[in-house]
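The structure appears below as structure tokens.
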Amino acid sequence: MVTMMLTGIPAVGVIWLSEQLRIRSVLFFGGSGSVIGTVIQNLLSRTFAPFSATISWPFAIVGLAAGVAYWQVAGRYAGGDTAR
């Protein structure tokens with residue numbers, strides 16, 4: 001539940017920003033997903049296990065996949081007319 005909230009809140013911010021600025025780039029959504037995945041994973045691993053080694057690249061790849069999936073579903077129409 002904590003992970004869902006910590007990744008969901010920044011994702012809502014990215015979606016809001018893309019709507020306001022009419023950003024439709026798959027690179028924007030994929031990059032944002034990668035950054036969110038990596039940052040949240042590092043935050044959680046340092047919070048719960050401060051001395052463990054962290055591997056961030058799998059979380060960056062999963063975040064990239066999530067960002068691209070969002071772009072495929074809704075991001076390519078960001079900032080467009082509401083009547084389609």
Item to complete: To the nearest 0.5 Å, tell me how far Leu27 CG sits from Trp71 CH2.
Response: 9.5 Å
Fill in: Closest heavy-atom pair and its distance - Ser18, Phe28
CB-CE2, 3.8 Å
Practice prompt. Looking only at non-hydrogen atoms, find the nearest pair between Val14 and Ile36 and report the distance.
Written response: CG2-CD1, 4.0 Å
Worksheet item: Do the side chains of Phe29 and Val39 join up, straight or via other hydrophobic residues, at under 4.5 Å, putting them in one cluster?
Response: no
Residues 58-70, side-chain donor-acceptor partners within the protein, below 3.5 Å, at least two apart:
none

Worksheet entry | Positive for side-chain contact (heavy atoms from CB on, under 4.5 Å) with Thr38, one of Ile40, Val35, Asn42 | Asn42
